[in-house]
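Working notes, beginning with the structure itself.
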2 protein chains.
Amino acid sequence: MRIVAALGGNALLERGESAESQIQEGHVAAAAAALAPLAARHQLIITHGNGPQVGLLALESAADPDLAHPYPLDVLGAQTQGMIGYWLLQALQNELPSSLIACLVSRTLVRADDPAFRGPAKFVGPGYDEATARKVSAGHGWQLRKDGDRWRRVVPSPDPAELLDLPLISQLAAGGVIVICGGGGGVPVTRDETGRLSGADAVVDKDLTAALLATQVGADVLLLLTDVDAVQEGFGTAAAKPLRQVTAADLRMRSFPAGSMGPKVEAACRFVQATGHRAAIGRLTAAAALLDGSAGTLIVH
Amino acid sequence: MRIVAALGGNALLERGESAESQIQEGHVAAAAAALAPLAARHQLIITHGNGPQVGLLALESAADPDLAHPYPLDVLGAQTQGMIGYWLLQALQNELPSSLIACLVSRTLVRADDPAFRGPAKFVGPGYDEATARKVSAGHGWQLRKDGDRWRRVVPSPDPAELLDLPLISQLAAGGVIVICGGGGGVPVTRDETGRLSGADAVVDKDLTAALLATQVGADVLLLLTDVDAVQEGFGTAAAKPLRQVTAADLRMRSFPAGSMGPKVEAACRFVQATGHRAAIGRLTAAAALLDGSAGTLIVH
């Protein structure tokens, strides 16, 4: 069986937690322990988020006195692919010493005319109180919006149109290699009319990239792994309860928060409706249980 | 023919030049233009330095008010692999649109008891005047030393002992894929007596990693590409002149500056003496001429 597993950036760095390297490595080790049993029995392709991490590097780059221009998000996203990818590679290798594991720097083509470039909507980086948010916005020329009770930076998040490194990913997975790729949704690039590729100052949603990846590599299942147990029916109400199994069509009728569960639901629906295969959303540490349907929310056609 | 080409970090960011992303992307584009003709005709494996870049990220991490502990050099090195690897991948793909190119996050095993951990000697990051150097040293607890007429941070640079991702690199190269790997000498990791891998707060010399890589993948030639035309006979004297061809044994009798040409000479000698094949040292933009012997310094057995 071929599995695409997407790890939430928040599962690697919890909300409000300090971004210390050691703390993140600890979370990655737990993720690797949860994924290793799947990798031992199936073809596994892993992608991961980078929201908190790319936000931190963006702040560092913006504060660097030696730089006239902070690095754009494609470059910072590539940095997070290296960093998080290395942590995952190392932790998985410690779980599976004899497995071949490839961690690929990989790019996602987006359309230069994607409307997302005119309406930044994806949260990155830490949350601020309102006064600090005003200062951060004025200081860096960034847009900030409310995410729950905190303010966070928002950046353009264009739709993933094509995975430029797909042939390699498929070839490696078919050869039995565990592949880590598409980190942070892939480094966003655009292609001009001459075919030339350029980086884009944006962040691609990693769940939507995972859905495209799962569809195009012919995955049997897409696992969207996060820090909650399941999708909630009646989310935000007193009567909220976990959805155990639902069709993509049914799920599309409901509404979910744009910043967190929304993209996972959209990704699951895209994959299930494109392929007829199943997707599951749930807690990272329960990855194996999600696969056999004993935990999380299963999304079927 | 199989070629390993090592690009100097200084060829991607010249001494004293600002580390703006656009400037580095421009240098990478020039590097890709120089390498593309080789990649079109031969199996090409590319590695690159990261001295200036890892130094910049280390400064940013040390200055980050949200971090109690700056990120260690393995993590920062992995970030530079993502960043520089992405630039190379993108620029090479623009030169060779139909080629498969793999950019791998990759690790280099070093010995935990390597004496380099007790004697930091590898320069990273920007140069300072003496007064600034004292402040930087006191502020971050870093060791600094004189590099020419400036002061720079020095970090441990243990010898590369094993390339942990070698089987993948060989497999990809044999399949006709252009491989970018071992950036910054590879992310340094140590292995304990139980076999467990951990990151090391160090930087591996990328030329020595390139020599090990070239030896172990069975390269026919090792190209050490930098920002000077050739190895100089009588370096630093009025009578200095370029060495056109030299045996490894002869080259080992001469002395070279530890920070720049020294590791290239050592790397070339190691590869040539281990394999009997040839190495060349010279200007990045003359890569094709280095290969046919019409430029640079050729090192033979």
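Heavy-atom basis, side chains included; hydrogens, waters and symmetry copies ignored. Proteins come first, then strands; the chains are lettered A, B, ... in the order of their sequence lines, and each starts at number 1.
- When heavy atoms are compared at a cutoff of 4.5 Å, A63(B) does not approach chain A at all.
- A donor-acceptor pair is defined here as one N or O able to donate and one able to accept, closer than 3.5 Å; no such pair exists between the side chain of Q79(B) and the backbone of T80(A).
- Within the model, atoms CG of L164(B) and CD of Q93(A) stand 7.0 Å from one another, a figure rounded to the nearest 0.5 Å.
- Of the residues considered (P97(A), G82(A), P167(A)), G82(A) shows the highest number of contacts with chain B, using heavy-atom pairs under 4.5 Å.
- When all heavy atoms of I101(B) and L168(A) are compared, the pair lying nearest together is O-CD1, 3.1 Å.
- Across all non-hydrogen atoms, the minimal contact from S21(B) to V75(A) is OG-CG2, 3.7 Å.
- In this structure, L100(A) and D165(B) have side chains that are not in contact, with every pair of non-hydrogen atoms separated by 4.5 Å or more.
- Of the residues considered (V187(B), L59(B), V177(B)), V187(B) shows the highest number of contacts with chain A, using heavy-atom pairs under 4.5 Å.
- The distance from atom CG of L67(A) to atom OG of S18(B), rounded to the nearest 0.5 Å, is 6.0 Å.
- Looking at E60(A) and Y71(B), their side chains never bring a donor and an acceptor atom within 3.5 Å of each other.
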Next item on the list: Take V105(A) and Q81(B) through the test side chain to side chain contact (heavy atoms under 4.5 Å, CB included) and record every step on the way to the result.
Entry: CA-CA 9 Å; V105(A) 174; Q81(B) 283 194 349; over 6 Å; no
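- At a threshold of 4.5 Å between non-hydrogen side-chain atoms, the residues D64(A) and L56(B) count as touching.
- Both the backbone and the side chain of R196(B) have a heavy atom closer than 4.5 Å to some heavy atom of chain A.
- In this structure, E20(A) contributes its side chain and H69(B) its backbone to a donor-acceptor pair below 3.5 Å.
- Neither the backbone nor the side chain of Q22(B) comes within contact range of chain A, judged by heavy atoms closer than 4.5 Å.
- Among T194(A), I84(A), I180(A), D74(A), the residue making the largest number of heavy-atom pairs under 4.5 Å with chain B is D74(A).
- Of the two parts of Q24(B), only the side chain, counted from C-beta on, holds a non-hydrogen atom closer than 4.5 Å to a non-hydrogen atom of chain A.
- For A78(A) against Y86(B), the heavy-atom pair with the smallest separation is CB-CB, 3.6 Å.
- Of all heavy-atom pairs between N94(B) and G195(A), the closest is OD1-O, 4.2 Å.
- Counting heavy atoms of neighbouring residues, nucleotides and ligands inside a 6.0 Å radius, atom CZ of R111(A) does not exceed 12 of them.
- Interface residue L197(A): backbone and side-chain heavy atoms are both found under 4.5 Å from chain B.
- More than 12 heavy atoms of other residues, nucleotides or ligands shown are found within 6.0 angstrom of CZ on R2(B).
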